[in-house]
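In the text below, chain A, chain B and the rest are named by the order of the sequence lines, each starting its count at 1. Just so you know, these numbers use all the heavy atoms, side chains as well, and skip hydrogens, waters and symmetry mates.
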Number of protein chains: 2
Amino acid sequence: MTDTTPSRQIAESLRSEIANGQLPPGGRLPTVRELAERFGVSRNTVTKAMTILKTEGLITARTGSGAYVREPHPIRRLGPGRYARQRWQVTTVTAHADDRPSSEAIEQQGGQTQEVTLIEADQVVAEALGIEVGAPVYERARVMTRDGLPTHTMTSYYRRDDVEGSAITDPRPGIAGQGGGFAVLASRGLDPHEITEDIAARMPTTEEALLLELPAGEPVVEVRRTTRTVDGQPIEYARGIHAASRFVWSFTYPIPD
Amino acid sequence: MTDTTPSRQIAESLRSEIANGQLPPGGRLPTVRELAERFGVSRNTVTKAMTILKTEGLITARTGSGAYVREPHPIRRLGPGRYARQRWQVTTVTAHADDRPSSEAIEQQGGQTQEVTLIEADQVVAEALGIEVGAPVYERARVMTRDGLPTHTMTSYYRRDDVEGSAITDPRPGIAGQGGGFAVLASRGLDPHEITEDIAARMPTTEEALLLELPAGEPVVEVRRTTRTVDGQPIEYARGIHAASRFVWSFTYPIPD
DNA sequence: TAGTGGTCTAGACCACTTC
DNA sequence: AAGTGGTCTAGACCACTAA
């Protein structure tokens with residue numbers, strides 16, 4: 001039934017100790033040397049067992065300190081409500097650029113970094129926005145953090161003419177941040193009306209793992225979002241990478257005919 | 001910038017060869033022994049590099065044969081349309097049990113196994129169905145396959161009184177299969193009207209990895225679905241485990257106020 | 001039967017943490 | 001300074017695949 005190499009057996013043994021609470025979340029595992037002696041194997045074999053558990057997301061190890069049972073993350077539930085009008089709709093657009101442009105295009109602020117650049121649309125972006133490949137688009141790349149830890153990235157693309165000169169093209173975070181992109185589009189007569197979200201999961205690339213400080217064995221969820229006006233005209237395409245363990249997506253809808 | 005151990009460097013080297021197409025999908029990697037010589041390291045170090053790539057889902061290895069670049073899966077796009085009325089609504093319920101009950105509760109049929117059991121509701125199921133813990137519910141566990149490979153599981157829970165004696169409680173697949181559960185509920189005056197889907201991603205348990213024949217480094221997407229009548233009464237709770245690389249979930253909705 | 005990936009050992013060295 | 005996880009080596013053995 002179970003193909004049973006020593007390293008797998010040790011992993012299974014520790015796994016069940018974690019499952020039954022004998023090793024509680026945050027608790028420290030016995031040292032590699034202790035386990036090697038306990039199971040009568042070499043240190044390498046125990047290390048391998050721990051590698052298995054790490055890639056399963058059950059433990060993390062800190063060199064010089066020990067290996068610990070991973071604590072469950074607080075989970076955020078993401079639904080359509082996060083895009084609700086009342087969250088971004090304002091009578092007058094209060095966001096505005098001031099006169100001291102920062103030399104750096106990246107700044108840090110409570111929970112969000114931002115980088116805005118004018119680029120040429122690639123295949124995917126062009127198709128999503130209904131423009132030609134190579135057409136100019138503004139890319140607005142953000143990294144969201146929570147409790148000092150990065151939780152997800154969100155990179156939006158806008159047609160240049162739609163947002164040129166607006167607060168969106170101001171690189172400082174907070175100006176167009178926090179849904180403010182929708183307010184800017186609305187102020188230009190491009191009211192966001194409909195959203196399509198595509199959701200898929202996969203293992204992270206090495207860059208993503210570094211950027212989001214992902215432990216081994218943590219998948220990412222990639223969200224691709226297209227926002228359209230009431231006429232069906234796409235006004236924003238966005239791509240987000242989320243640390244999987246911190247989010248749940250929730251949708252409620254009537255059964256279609 | 002990049003902490004650079006030999007095994008990681010080798011992994012990175014192979015990773016870029018895969019990315020630029022030098023090693024095409026389905027192509028065979030050089031042997032461990034060849035790579036060990038090429039990079040001037042021990043066999044173990046090359047093996048470790050390949051383990052990294054396996055957990056990233058980039059390659060799979062077959063003992064005795066070689067290591068191969070994984071081929072991209074055909075991806076199914078899942079949206080609300082899969083629950084559309086026209087897919088399950090029938091004027092008269094044609095599904096029916098015949099007279100020869102099978103001794104086995106599990107049967108195999110084109111693309112689906114099924115197992116039906118009467119159990120007591122646990123905490124999660126009870127809460128979802130709005131009943132008390134321990135109340136009797138029918139559990140209908142299915143494993144869906146495609147091209148002979150398992151793609152996902154789907155386990156539904158119904159209140160006993162809602163489906164007792166119906167085609168749903170018939171263990172043979174195909175009777176209530178293929179959305180037929182909705183038709184049965186409708187025939188009982190419990191028209192499915194609204195669905196809530198919760199979607200999350202994580203690494204598989206060992207059981208799930210075995211059941212879905214997941215290669216190392218393949219995450220799963222867990223979908224929890226609650227179906228309600230127009231009155232808001234929950235009539236089905238379902239839990240599905242999907243091999244992440246084979247699916248995309250897609251939702252289109254108007255921006256709420 | 002020759003070649004393949006997979007696992008294990010014993011010993012070594014390293015960077016890091018903790019005291 | 002002592003203890004920790006992490007990595008690497010050299011060599012061994014195994015189960016499996018393919019000709």
Could I get a table of every N or O pair under 3.5 Å where one atom is in the protein and the other is in nucleotides 15-17 of chain D?
unit_1	atom_1	unit_2	atom_2	d
D/dT17	O4'	B/Gly64	O	3.4

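For A/Glu120, there are no salt bridge (charged side-chain N to carboxylate O under 4.0 Å, His left out) partners, not counting sequence neighbours. Residues that satisfy the salt bridge (charged side-chain N to carboxylate O under 4.0 Å, His left out) test with A/Arg77, not counting sequence neighbours, are B/Asp198. The ring pair (Phe, Tyr, Trp, His ring centres under 6.0 Å) test applied to B/Tyr83 returns no partner, not counting sequence neighbours. Residues passing the side chain to side chain donor-acceptor pair (under 3.5 Å) test with B/Ser65 are B/Tyr68, sequence neighbours excluded. Applying the ring pair (Phe, Tyr, Trp, His ring centres under 6.0 Å) test to B/Tyr138 and every residue at least two apart in sequence or in another chain returns nothing. In this structure B/Glu222 satisfies the salt bridge (charged side-chain N to carboxylate O under 4.0 Å, His left out) test together with B/Arg202, B/Arg224, B/Arg239, sequence neighbours excluded. Evaluation of the side chain to side chain donor-acceptor pair (under 3.5 Å) rule for B/Tyr237 yields no partner, not counting sequence neighbours. In this view, B/Glu17 and B/Arg38 satisfy the salt bridge (charged side-chain N to carboxylate O under 4.0 Å, His left out) rule, not counting sequence neighbours.
Ion pairing of B/Glu56 with B/Arg15 is present here, as a side-chain N (NZ or NE/NH1/NH2) and a carboxylate O approach within less than 4.0 Å.
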For residues 45-54 of chain B, tabulate all N or O donor-acceptor pairs below 3.5 Å that involve a side-chain atom, not counting sequence neighbours.
unit_1	atom_1	unit_2	atom_2	d
B/Thr45	OG1	B/Ser42	OG	3.3
B/Thr47	OG1	B/Arg43	O	3.1
B/Thr51	OG1	B/Thr47	O	3.0

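Read 5' to 3', the first and last nucleotides of DNA chain C with an atom closer than 4.0 Å to a heavy atom of chain A are C/dT7 to C/dT18.
Against DNA chain C, the stretch residues 38-46 of chain B makes heavy-atom approaches under 4.0 Å through B/Arg43, B/Asn44.
Along DNA chain D, the nucleotide nearest to A/Arg33 and the one nearest to B/Tyr68 differ in position, and the one closer to the 5' end is contacted by A/Arg33.
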